[in-house]
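Just below is one structure, and these are the notes that go with it.
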Amino acid sequence: MLQHALLSVSSKAWRQLSCPRSELRLDLTLGCGQTFRWRETGDGHWTGVMGGRVWTLTQTDDTLWYHVYENQDNHGIRRVCENDPGTEPAGSDKKLKCVSKVKQEPEEKGIEMASVQDSTEEELLRDYFQLNFQLENLYKDWGRHDDHFRQIARIFTGVRMLRQEPVECLFSFICSSNNHISRIQGMVERLCHSLGPRIATIQGTHYHDFPTLQALADSGVEACLRNLGFGYRARFLQQSAQLILDAHSPDWLLQFRRASYEEAREALRSLPGVGLKVLFCADLKKFQKLKEQVDVQKKKIKSEERDEVVKKGGTKKKKVRHLEDNITKKTTTAKKVKWEKPPHSRKRRVKEEEQRQ
């Protein structure tokens, strides 16, 4: 049986890249509620699905270590062969009769292909964590303009916004409506296990890729997800996927990585189940590049403005609108470090979501 990788057992199957903890903290970044697919499978070892593959990540003081499991049969990744250990692909009734293409190549070409694969994996990892931006400098800049952030940042170092695949990001946060992290994690896992292709089985745990829009839009999805405990969210998931495919295209969400914040917000709000909370959670941080988010932050919308509007009188609707128009325009890494829930009662949110059905 394939085991979850541990750096202490053997480092030969691991790759590494230079990344100090001040630039990335895996525990804070992967466990704070911006993604729901990662689990701690060993002390400081996090395993999850990214880019159609299963990864285990861990870190030392100045190095990020990653292990990518090879027994995968999905998204064009090489098929595992019958004569390899643990050869039977998860979800398959038959062993493949092929021989590994990598093993058939001459040694020089095999080394070249491995080098290309290593480069692709590192590129994917850097993009996912947005490692091309130096976080320490951003922390210093934000701290100069926000005393509260400066105090909090001393504790929560290395928190990064993940640049997730847009479909997974949006539909995961549709599940988050009126929910808490542990329950959202369970719902997202059930969603993937029911509708997503299986990638691998490790120590009895089945890892699935996130469902495609086509799978989510199927007419039987709502009933299936209601049976799995999704409640009214089942309808939102199916209808949003169907609307994207009918009115736009499967790649429609990708365009918001280049669109302005306002354009992205208005477009996403047209989808069933995408209200204020989903926008607060999934707005800029997964769809756009950090460069634009930093440019927005330089407008220096200070936390005192947020505190002032909450202290003032007026309706909750007015407060929420102010929060939506101002706080969500801040760089979202700073927002994750210094998140304050909008003054919007759970009862009110439930009522609004029911009205949207």
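For the numbers below, each heavy atom of this structure counts, side chains included, while hydrogens, waters and symmetry mates do not.
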**OP:** Please step through side-chain contact (heavy atoms from CB on, under 4.5 Å) for the pair Q255 and R258, ending with a clear verdict.
**Re:** CA-CA 6 Å; Q255 69 178 305; R258 301 180 299 273; 3.8 Å; yes
Is [Y] close to [X] at the side-chain level, that is, under 4.5 Å between some pair of heavy atoms?
{"X": "I202", "Y": "Q3", "answer": "no"}
{"X": "V68", "Y": "V54", "answer": "no"}
{"X": "L191", "Y": "F210", "answer": "yes"}
{"X": "V167", "Y": "T212", "answer": "no"}

Would the distance check show the side chain of [X] and the main-chain N or O of [Y] forming a donor-acceptor pair, the cut-off being under 3.5 Å?
{"X": "N227", "Y": "A223", "value": "yes"}
{"X": "E23", "Y": "L135", "value": "yes"}
{"X": "R25", "Y": "G158", "value": "no"}
{"X": "Q185", "Y": "E189", "value": "no"}
{"X": "S270", "Y": "A267", "value": "yes"}
{"X": "Q239", "Y": "F236", "value": "no"}
{"X": "Q34", "Y": "T29", "value": "yes"}

Original post:
Are R15 and E122 within salt-bridge range, i.e. N to O under 4.0 Å?
Top reply: no
Subject >> Pair E136 + K140, salt bridge at N-O below 4.0 Å >> reply: no
Original post:
Crowded around Q203 CD? As in, over 12 foreign heavy atoms under 6.0 Å?
Top reply: yes
Original post:
Near D43 CG, under 6.0 Å, is it more than 12 heavy atoms from other residues, nucleotides or ligands?
Top reply: no
Original post:
How far apart are the closest heavy atoms of Y207 and H4, and which atoms are they?
Top reply: OH-NE2, 2.7 Å
Original post:
By the rule that ILVMFWY residues connect when side-chain heavy atoms come within less than 4.5 angstrom, directly or transitively, which residues belong alongside L6?
Top reply: V9
Subject >> Rounded distance (nearest 0.5 Å) linking atom CG of L225 with atom CG of L216 >> reply: 8.0 Å
Subject >> Gap separating the CD atom of E165 from the CG atom of D209, nearest 0.5 angstrom >> reply: 8.5 Å
**OP:** Tell me, with the steps shown, if W14 and T56 meet side-chain contact (heavy atoms from CB on, under 4.5 Å).
**Re:** CA-CA 9 Å; W14 292 76; T56 292; 3.6 Å; yes
**OP:** Show the numbers, then the answer: is there a side-chain contact (heavy atoms from CB on, under 4.5 Å) between F129 and L30?
**Re:** CA-CA 10 Å; F129 287 107; L30 298 177; 4.0 Å; yes
Original post:
By side-chain contact (heavy atoms from CB on, under 4.5 Å), which residues pair with L243, not counting sequence neighbours?
Top reply: A247, L271, P272
Original post:
If you group Ile, Leu, Val, Met, Phe, Trp and Tyr by side-chain heavy-atom gaps below 4.5 Å, do Y66 and L7 land in one group?
Top reply: no
Original post:
Can T201 and H206 be counted as having a side-chain donor-acceptor contact under 3.5 angstrom?
Top reply: yes
